[in-house]
Amino acid sequence: QVQLVESGGGLVQAGDSLRLSCAASGSTFSRRTMGWFRQAPGKEREFVAAIRWSGDNTYYSDSVKGRFTISRDNAKNTVYLQMNTLKPEDTAVYYCAASLYMFREHGGSTYGYWGQGTQVTVSS
């Protein structure tokens, strides 16, 4: 079982930066792909970014590529999402996710553990 707790959300202005953190419980963090997703009001949850368990592969949605950076610290059981040049359309609840199985590559059905989410609001 993996428990995930996100932090770092808040209210910022367009163009600002924010860094989200996700702390994971347990001893298997370093063997799991981690992802960030977001859900805006009235919209479906969408993929934002992911990072392989080893940290050597990262994946981004087109909407955040070049602005957001995902990273992880396996010694701290923590994954981060650095968000730069924020836009009002980035406003959403951001969720951290861990792969259901160890050593599972990022994909459509990878994630089985989810955090409670952290709100990010970007004003124009």
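Heavy-atom basis, side chains included; hydrogens, waters and symmetry copies ignored. Since the structure is predicted, the reported quantities are computational estimates derived from the model, not experimental observations.
Side-chain contact check for R104 versus Y111: every heavy-atom pair is 4.5 Å or farther apart. Between E105 and W53, some side-chain heavy-atom pair lies under the 4.5 Å cut-off. A 4.5 Å side-chain heavy-atom check between L20 and E6 finds every atom pair outside the cut-off. Residues I70 and V79 meet the side-chain proximity criterion, which asks for heavy atoms closer than 4.5 Å. In this structure, the side chains of Y60 and T69 come closer than 4.5 Å at one or more pairs of heavy atoms.
Within a 6.0 Å sphere centred on OH of Y101, heavy atoms belonging to other residues, nucleotides or ligands number 12 at most.
Both the sub-6.0 Å distance and the 45° axial angle are satisfied by R72 relative to the ring of F29.
With respect to the salt-bridge test (charged N to carboxylate O, under 4.0 angstrom), the residues D90 and K87 do not qualify.
Distance check, rounded to the nearest 0.5 Å: CH2 of W114 to SG of C22 gives 11.0 Å. Summarising the geometry, atom OG belonging to S71 is positioned 11.5 Å from atom CE belonging to M34; distances are rounded to the nearest 0.5 Å. Rounding to the nearest 0.5 Å places NZ of K76 at 15.5 Å from OG of S30. Rounding to the nearest 0.5 Å gives a distance of 10.5 Å between CH2 of W36 and OH of Y80. Distance check: R32 CZ to N77 CG gives 11.0 Å after rounding to the nearest 0.5 Å. Note that the OG1 atom of T118 and the CG atom of L18 stand 8.0 Å from one another [nearest 0.5 Å].
Both L4 and M83 sit in one connected hydrophobic cluster of ILVMFWY residues. Membership requires side-chain heavy atoms under 4.5 Å apart, directly or through other members. Criterion: ILVMFWY side-chain heavy atoms under 4.5 Å apart, direct or through other members. Under it, I51 and Y113 are part of a common hydrophobic cluster. Hydrophobic cluster membership differs between L100 and M102, with clusters built from Ile, Leu, Val, Met, Phe, Trp and Tyr side chains linked at under 4.5 angstrom. Each of F37 and L81 belongs to its own hydrophobic cluster when Ile, Leu, Val, Met, Phe, Trp and Tyr are linked at side-chain heavy-atom distances under 4.5 angstrom.
Residues A14 and P88 approach most closely at CB-CD, 4.1 Å, considering heavy atoms.
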Could you list the donor-acceptor pairs under 3.5 angstrom formed by side chains in residues 39-48, with sequence neighbours left out?
unit_1: Q39; atom_1: NE2; unit_2: K43; atom_2: O; d: 3.0
unit_1: E46; atom_1: OE2; unit_2: R38; atom_2: NE; d: 2.6
unit_1: E46; atom_1: OE2; unit_2: R38; atom_2: NH2; d: 3.2

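T33 places no side-chain N or O within 3.5 Å of a backbone atom of S99 that could act as its donor or acceptor partner.
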